[in-house]
Amino acid sequence: VAPDVAGWVTRLEVRDNQPVKKGDLLFEIDPTRYRSLLNESKARMEHAKHAWELATLLERRRVPLAKINAISAEDLDNARSQALLAKSQYEVNKAQWETAKINLARTSVTAPSDGTITNVRLQEGNYVAQGSPAFSLVKDDSFYVTAYFEETKLLDIREGDMAEVSFMS
């Protein structure tokens with residue numbers, strides 16, 4: 001299990017060998033920075049939307065003026081370009097806002113499936129990097145085996161060989 005965002009762990013809800021269900025909260029990353037980024041990107045998006053609306057309005061006003069030659073074709077082209085640029089800036093800001101929403105939601109790390117938590121190396125107050133493993137989750141419908149092979153016996157092992165597994169605990 002690895003977080004999709006980085007930050008300080010403010011809440012840890014699991015311990016080694018704990019069973020979990022899909023969707024259970026495993027840990028939380030401090031959402032403060034991500035909430036702030038969401039608010040900032042929303043403000044940028046709204047500003048860009050208003051700029052696009054204004055540029056579109058100015059373009060519409062220039063169309064009839066161009067028909068009666070009150071403005072040059074270049075002025076009309078510039079107005080159209082400004083409206084298109086404003087629209088694309090709005091789209092970029094909207095995408096950044098949507099990404100910020102996703103990142104804020106991902107400060108809560110949940111179990112991707114039913115299973116058992118193992119190899120917990122995480123504690124509250126630790127900093128976790130995006131994509132760095134925090135612990136493992138062994139799915140209920142799978143097996144997890146750690147094996148020890150002596151180097152001198154590796155030549156005797158072939159893919160497809162039968163194996164016997166003994167539980168140590």
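What you are looking at is a predicted structure, and each value in this text was computed from that prediction instead of being measured.
Between the CG atom in D141 and the OG atom in S113 there is a gap of 7.5 Å [rounded to 0.5 Å]. Here the straight-line distance linking atom CG of L76 with atom CD of E74 works out to 11.0 Å at 0.5 Å rounding. For the atom pair CG of N126 and OG1 of T10, the computed distance is 12.0 Å after rounding to the nearest 0.5 Å. Of the inter-residue distances, the one linking L37 atom CG with T32 atom OG1 reads 11.0 Å to the nearest 0.5 angstrom.
Nearest heavy atoms, S132 versus A2: O-CB, 3.5 Å. Of all non-hydrogen atoms in V5 and Y34, the two that sit nearest each other are CB-OH, 3.5 Å. Of all the heavy atoms in S136 and N119, the pair that sits closest is OG-ND2, 3.6 Å. Across every non-hydrogen atom of L137 and P112, the tightest pair is CD1-CD, 4.4 Å. A pairwise comparison of heavy atoms in L85 and S88 identifies O-OG, 2.9 Å as the closest pair. Nearest heavy-atom pair, P31 versus T107, reported as atom, atom and distance to 0.1 Å: CB-OG1, 3.8 Å.
Qualifying salt bridge (charged side-chain N to carboxylate O under 4.0 Å, His left out) partners for D140, counting only residues two or more places apart in sequence or in other chains: none. Judged as a salt bridge (charged side-chain N to carboxylate O under 4.0 Å, His left out), and not counting sequence neighbours, E151 has no contacts. Legend: residues meeting salt bridge (charged side-chain N to carboxylate O under 4.0 Å, His left out) with R80, ordered by chain and number and at least two apart, are E59. Residues forming a side-chain hydrogen bond (donor to acceptor under 3.5 Å, both in side chains) with R62 (at least two apart in sequence, or on another chain): none. Checked against side chain to side chain contact (heavy atoms under 4.5 Å, CB included), T56 has the following partners two or more places apart in sequence or in another chain: W52, R60, A83. Partners of E98 under the side chain to side chain contact (heavy atoms under 4.5 Å, CB included) rule, at least two apart in sequence or in another chain, are K94. Under the salt bridge (charged side-chain N to carboxylate O under 4.0 Å, His left out) criterion, R35 pairs with no residue, sequence neighbours left out. Remark: N93 engages R44, M45, A48, Q89, Q96 in a side chain to side chain contact (heavy atoms under 4.5 Å, CB included) (not counting sequence neighbours). Qualifying side chain to side chain contact (heavy atoms under 4.5 Å, CB included) partners for A70, counting only residues two or more places apart in sequence or in other chains: L65, I68.
Counting heavy atoms from C-beta on, the side chains of L26 and I117 come closer than 4.5 Å. L58 is listed as a side-chain neighbour of R61, based on a closest heavy-atom distance under 4.5 Å. Contact annotation: the side chain of L25 approaches that of S108 to within less than 4.5 Å [non-hydrogen atoms, C-beta and beyond].
In terms of modelled atom types and a separation under 3.5 Å, the side chain of Q130 and the main chain of D4 share a donor-acceptor contact.
Note on residues 14-32: pairs passing salt bridge (Lys or Arg N to Asp or Glu O under 4.0 Å), not counting sequence neighbours, are R11-E28. Sorted by first and then second residue, the ring-ring contact (aromatic ring centres under 6.0 Å, His included) pairs involving residues 91-133 (not counting sequence neighbours) are W8-Y127. Listed by first and then second residue, the salt bridge (Lys or Arg N to Asp or Glu O under 4.0 Å) pairs involving residues 108-137 amount to none (not counting sequence neighbours).
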Would F27 and V14 count as a side chain to side chain contact (heavy atoms under 4.5 Å, CB included) if you check the C-alpha gap in whole Å, the side-chain angles of each, and the deciding distance to 0.1 Å?
CA-CA 8 Å; F27 64 96; V14 293; 5.9 Å; no

Do V20 and T116 pass the side chain to side chain contact (heavy atoms under 4.5 Å, CB included) test, and can you show the C-alpha distance, the side-chain angles, and the key distance before you say yes or no?
CA-CA 6 Å; V20 294; T116 302; over 6 Å; no

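In the hydrophobic clustering of this structure, F135 does not group with V138; members are Ile, Leu, Val, Met, Phe, Trp, Tyr whose side-chain heavy atoms approach within less than 4.5 Å, directly or through other members.
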